[in-house]
Structure formats: structure tokens, C-alpha cells
Amino acid sequence: MADMDNKDQAELDPADLEDVEDVEEEETGEDVNSKARQLTVQMMQNPQILAALQERLDGLVGSPSGYMESLPKVVKRRVNALKNLQVKCAHIEAKFYEEVHELERKYAALYQPLFDKRSDIVKAAYEPTEEECEWKADEEEELTEEMKEKAKVEEEKKDEEKEDPKGIPEFWLTVFKNVDLLSDMLQEHDEPILKHLQDIKVKFSDPGQPMSFSLEFYFEPNEFFTNTLLTKTYKMRSEPDENDPFSFDGPEIMGCTGCTIDWTKGKNITLKTIKKKQKHKGRGTVRTVTKTVPNDSFFNFFTPPDVPESGDLDEDSEAVLAADFEIGHFIRERIVPRAVLYFTGEAIEDDDDDYDEEGEEADDEEGEEEGEEENDPDYDPKKDANPPAECKQQ
């Protein structure tokens with residue numbers, strides 16, 4: 001039998017032997033991969049290992065490659081010369097942004113008459129003419145004259161049935177509610193007050209003064225506070241930091257100041273009264289204590305945290321100021337110039353379309369890459385399913 005087995009092995013095709021060897025190697029490789037995966041899962045479930053790995057990764061972020069240290073001294077001197085040139089570029093860039101600020105101030109004066117007229121229409125100080133009210137909406141483009149006339153008659157009937165509203169009611173409140181960044185700040189008790197908001201203006205610092213801008217909120221007389229104007233001023237800096245000139249990336253907001261709101265008695269929604277029960281340790285008697293504490297409100301926007309001269313803030317204050325700066329910048333750059341489009345929701349749709357387009361482009365690129373791989377005659381899907389070990393380690 002042993003001779004027959006040897007004979008059978010001798011008669012095997014060498015190619016068959018190669019196939020057998022390949023299968024054995026593949027099976028061994030699968031076993032190794034399976035064990036490696038199990039080990040990886042076990043390691044990733046260990047919080048100590050995860051913490052050590054995170055600490056190691058944090059140490060790698062921004063760490064130098066060592067190439068600069070290896071350069072000859074004469075080359076390092078030349079690199080220092082390039083750095084000095086970069087500092088000069090930063091100062092020129094600062095001048096550029098100063099001129100941009102001057103242009104913003106110049107064109108703000110040109111925009112303001114239009115914004116003033118917008119305000120007059122909103123608060124019913126001016127009734128626009130028929131010509132000013134004509135607007136060809138997209139859905140009306142295909143309508144016949146007869147259909148347009150019929151729709152106009154129906155709208156007039158509806159208007160007659162309703163009480164004639166003045167101006168555009170709740171204009172700015174609707175704008176705020178339509179914008180996520182602002183609606184997140186709103187509380188239910190803010191809304192009755194914001195119904196009295198008539199206008200928001202942006203005012204830039206005067207020529208020769210330090211760079212800044214103010215947001216001015218104009219209110220009609222109301223039962224909540226006596227102010228007709230609430231302001232928020234943002235101080236900006238547009239010059240490189242002497243200690244870190246390479247961090248300069250245009251004007252940055254350095255701080256902000258609000259204003260005092262003269263609340264009517266009992267109407268201050270930024271504070272709330274709570275009652276707590278306290279038990280005396282010795283006698284065991286219980287008493288009720290009334291305490292006034294801060295309350296969430298949009299109007300906290302006008303009392304931002306104070307920034308000390310040292311610039312040191314706790315994490316909570318830093319987070320509040322960062323959000324505050326973002327909101328102030330957004331109101332200045334987007335809300336005031338395009339208020340009607342945020343009122344109708346069209347500006348929000350445009351923002352959403354931008355994000356959708358980016359996602360579609362990314363999807364298209366992925367699809368193209370997949371198509372290219374499938375059309376490649378040398379493409380092997382097994383290699384993608386099991387990438388080399390060195391790729392997994394990266």
C-alpha cells in the first residue's frame with residue numbers, strides 16, 4: 001500500500017501540488033486573520049489600552065518630523081530669512097483687511113437707505129406701491145392672465161375676511177425661528193418680547209478708531225422693558241500677534257460688550273425665582289428659602305461674560321464667548337443683509353442646497369472611483385477585501 005501511495009503521489013501533476021499548497025496557505029492565513037480580529041476586538045474593549053492609545057496619538061499630532069533639526073546650520077539661517085518674509089506678509093495682509101473694513105463701512109452707508117425702507121415697511125411706517133409689490137414668483141411663470149386674475153380675487157377675499165394687519169407682523173421673530181443658530185437661543189418666554197423687535201442694524205467703527213462693529217436692536221414701546229434700543233458691540237483686532245505672528249488669519253473678535261436692559265418690575269425673564277426647603281441640623285425644623293437664579297433667555301445675549309485683561313477664562317466662559325462671537329458674526333454677515341430671505345425660508349433652502357451639492361459631489365466621486373476599479377482588467381476585489389497588514393497599521 002505504501003508503494004501505491006508513493007506511486008500515486010509521483011503521478012500527481014506538479015500544478016496540482018501548487019494548488020494544494022496555495023489552499024493550505026490561504027486557510028492558514030484566514031486562521032491568522034481571525035485570531036488577529038478577535039485580539040483587536042478584545043483590546044479595543046479594554047479602556048486602559050484605549051486611553052494609552054489615545055495618549056500616544058495625541059502626542060503624535062503636530063510633532064515635528066525631525067527634518068528641520070537635521071538641516072545644516074547655513075540652511076537653517078535661510079529658513080529663518082523665509083520666516084521673516086512671512087511675518088512681513090502677515091503685516092501686509094493685516095493692511096488688506098483694514099482696507100476691506102473701510103470698504104464695508106463705505107458700502108454700509110449705501111445699503112442703509114434700503115434697509116431703512118425695509119424697516120418702514122415691516123413696522124407699517126410706509127405702505128409700498130403696487131409697482132414695488134410686483135414680484136414674479138417661479139410658480140406663477142406658467143400661469144395664464146385669467147388664472148392670475150382669479151387667484152388675485154381669491155386673495156383679496158381672504159384679506160377682507162381677516163383683520164387688516166399692520167406692516168409685516170412678527171418679521172424678526174420669524175427670522176430668528178427660521179435659523180437654527182438663533183432658534184436654539186430662543187425660549188418660549190422670549191417670543192412675546194421679540195414680537196416688538198422692529199429692526200436690526202449694523203454700525204461700523206468710525207475711521208481712525210479701533211476696528212469694531214455694533215449690532216443695534218430697535219424695539220417698539222412694550223410692557224417688558226423701557227429701552228427702545230439694545231446694543232451689542234464687538235471689538236476686533238486685525239494685526240498679527242507679536243508672540244505668534246504666523247497664527248494671523250484675518251480680523252478676529254477679541255471681546256464684546258452688551259448693554260443694561262431696564263426691565264419692568266416682575267418682567268425680567270433672564271432671572272427666575274426658585275424655592276428650596278432647608279432642614280435645621282439641630283432642631284430638625286424645615287424652612288422654605290426663596291432664591292433668584294439665572295434663567296435661559298435670548299436676552300442673555302446682551303450680558304456676555306467679561307474678559308479679564310489677562311485673557312484667561314474658564315472653559316464655560318470660553319464656550320459662551322465662542323458661541324457669542326459666531327452668532328454676532330452671523331447676524332452681521334447674513335441676517336441683516338438678507339433678512340427677507342430668512343423670513344421666507346429661501347436663504348435656508350439655499351444653505352441646504354449647498355450642503356446637498358457637496359454630498360452629491362462626494363457620492364459621484366466615490367461612484368467614479370468604484371467604476372474605474374471595476375473597469376480595470378487588473379482589479380482584484382479580493383485584495384480590497386483583505387488589505388495588506390501594513391495598511392491596517394496606518
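None of the values given here were measured: they were computed from a predicted structure.
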Exercise for the section: In sequence, state the C-alpha distance, the side-chain angles, and the governing distance for Phe217 and Phe302, and then conclude on ring-ring contact (aromatic ring centres under 6.0 Å, His included). Expected result: CA-CA 10 Å; Phe217 295 74; Phe302 297 98; 5.2 Å; yes
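- Lys232 and Gly258 make their closest contact through CD-CA, 4.0 Å (heavy atoms, listed as atom of the first residue, atom of the second, distance).
- Nearest heavy-atom pair across Asp324 and Pro304 is OD2-CB, 3.9 Å.
- Atoms NE2 and NZ, from His196 and Lys123 in turn, are 15.0 Å apart once rounded to the nearest 0.5 Å.
- If you chain together hydrophobic residues whose side chains sit under 4.5 Å apart, Val74 and Tyr67 fall into the same group.
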Practice task
Apply side-chain contact (heavy atoms from CB on, under 4.5 Å) to the pair Asp199 and Val122, showing each step before the final yes or no.
Solution key: CA-CA 8 Å; Asp199 197 13; Val122 167; over 6 Å; no
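- The 12-atom threshold is exceeded at NZ of Lys201, counting heavy atoms of other residues, nucleotides or ligands nearer than 6.0 Å.
- Looking at Glu191 and Leu173, their side chains come closer than 4.5 Å, going by heavy atoms from C-beta outward.
- Expressed to the nearest 0.5 Å, how far OH of Tyr97 lies from CD of Glu104 amounts to 11.0 Å.
- With hydrogens and angles ignored, the 3.5 Å screen pairs no side-chain donor or acceptor of Ser297 with any backbone N or O of Thr270.
- Inter-residue side-chain proximity for Phe115 and Val202 is flagged as unmet; no heavy-atom pair is nearer than 4.5 Å.
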Exercise for the section: Take Asn268 and Phe299 through the side-chain contact (heavy atoms from CB on, under 4.5 Å) test and state the conclusion after the steps. Expected result: CA-CA 10 Å; Asn268 188 349; Phe299 290 90; over 6 Å; no
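- The environment of OH in Tyr111 is sparse: at most 12 heavy-atom neighbours from other residues, nucleotides or ligands sit within 6.0 Å.
- There is no path of hydrophobic side-chain contacts, each under 4.5 Å, that joins Leu215 to Met254.
- Taking 4.0 Å as the cut-off between side-chain N and carboxylate O, Glu346 and Arg338 do not count as a salt-bridged pair.
- Summarising the local packing, NZ of Lys95 is surrounded by 12 or fewer heavy atoms from other residues, nucleotides or ligands at distances under 6.0 Å.
- Val320 and Ile261 sit in two unconnected hydrophobic clusters of ILVMFWY residues. Membership requires side-chain heavy atoms under 4.5 Å apart, directly or through other members.
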Handout entry: Verdict with reasoning, Thr264 to Phe224, per side-chain contact (heavy atoms from CB on, under 4.5 Å)
Key = CA-CA 5 Å; Thr264 305; Phe224 300 97; 5.5 Å; no
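- Hydrophobic clustering (ILVMFWY, side-chain heavy atoms < 4.5 Å, transitive): Met68 and Leu82 are in distinct clusters.
- Cluster membership check: Leu114 does not share its hydrophobic cluster with Leu341, using side-chain heavy-atom separations under 4.5 Å among Ile, Leu, Val, Met, Phe, Trp and Tyr.
- For the pair Arg105 and Asp206, the salt-bridge criterion is not met [side-chain N within less than 4.0 Å of a carboxylate O].
- When atom types are taken as modelled, the side chain of Ser205 and the backbone of Pro210 share a donor-acceptor pair closer than 3.5 angstrom.
- Looking only at distances, no side-chain donor or acceptor of Asp116 sits under 3.5 Å from a matching main-chain atom of Ser119.
- Annotation for Phe176 and Leu186: closest pair CB-CD1, 3.9 Å, computed over non-hydrogen atoms.
- A 4.5 Å side-chain heavy-atom check between Asn227 and Phe219 finds every atom pair outside the cut-off.
- The line from CZ of Arg287 to OG1 of Thr285 is 8.5 Å long, rounded to the nearest 0.5 Å.
- Residues Ala109 and Pro113 approach most closely at O-CD, 3.2 Å, considering heavy atoms.
- Side-chain contact check for Trp172 versus Leu194: every heavy-atom pair is 4.5 Å or farther apart.
- Here the shortest heavy-atom pairing between Gly167 and Ala124 reads N-CB, 3.3 Å.
- When all heavy atoms of Tyr234 and Gly328 are compared, the closest pair comes out as OH-CA, 3.4 Å.
- Within the 4.5 Å cutoff, no side-chain heavy atoms of Asn300 are placed close to those of Gln187.
- Here Phe298 contributes atom CZ and Asp190 contributes atom CG; the two are 7.5 Å apart, rounded to the nearest 0.5 Å.
- The side-chain heavy atoms of Phe301 and Leu230, taken from C-beta on, include no pair separated by under 4.5 Å.
- Contact annotation: the side chain of Thr231 approaches that of Cys259 to within less than 4.5 Å [non-hydrogen atoms, C-beta and beyond].
- Within the hydrophobic cluster formed by Ile, Leu, Val, Met, Phe, Trp and Tyr side chains joined at under 4.5 Å, directly or through other members, Leu229 is accompanied by Tyr218.
- Here CD of Gln86 is found 8.5 Å from CD of Glu93. Values are rounded to the nearest 0.5 Å.
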Exercise for the section: Test side-chain contact (heavy atoms from CB on, under 4.5 Å) on Trp263 and Thr226 and set out the steps. Expected result: CA-CA 7 Å; Trp263 294 98; Thr226 59; over 6 Å; no
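- The CZ atom of Arg332 sits 4.5 Å away from the CZ atom of Phe204 when rounded to the nearest 0.5 Å.
- Arg78 has its side chain within reach of Val75: a pair of non-hydrogen atoms, C-beta onward, lies under 4.5 Å apart.
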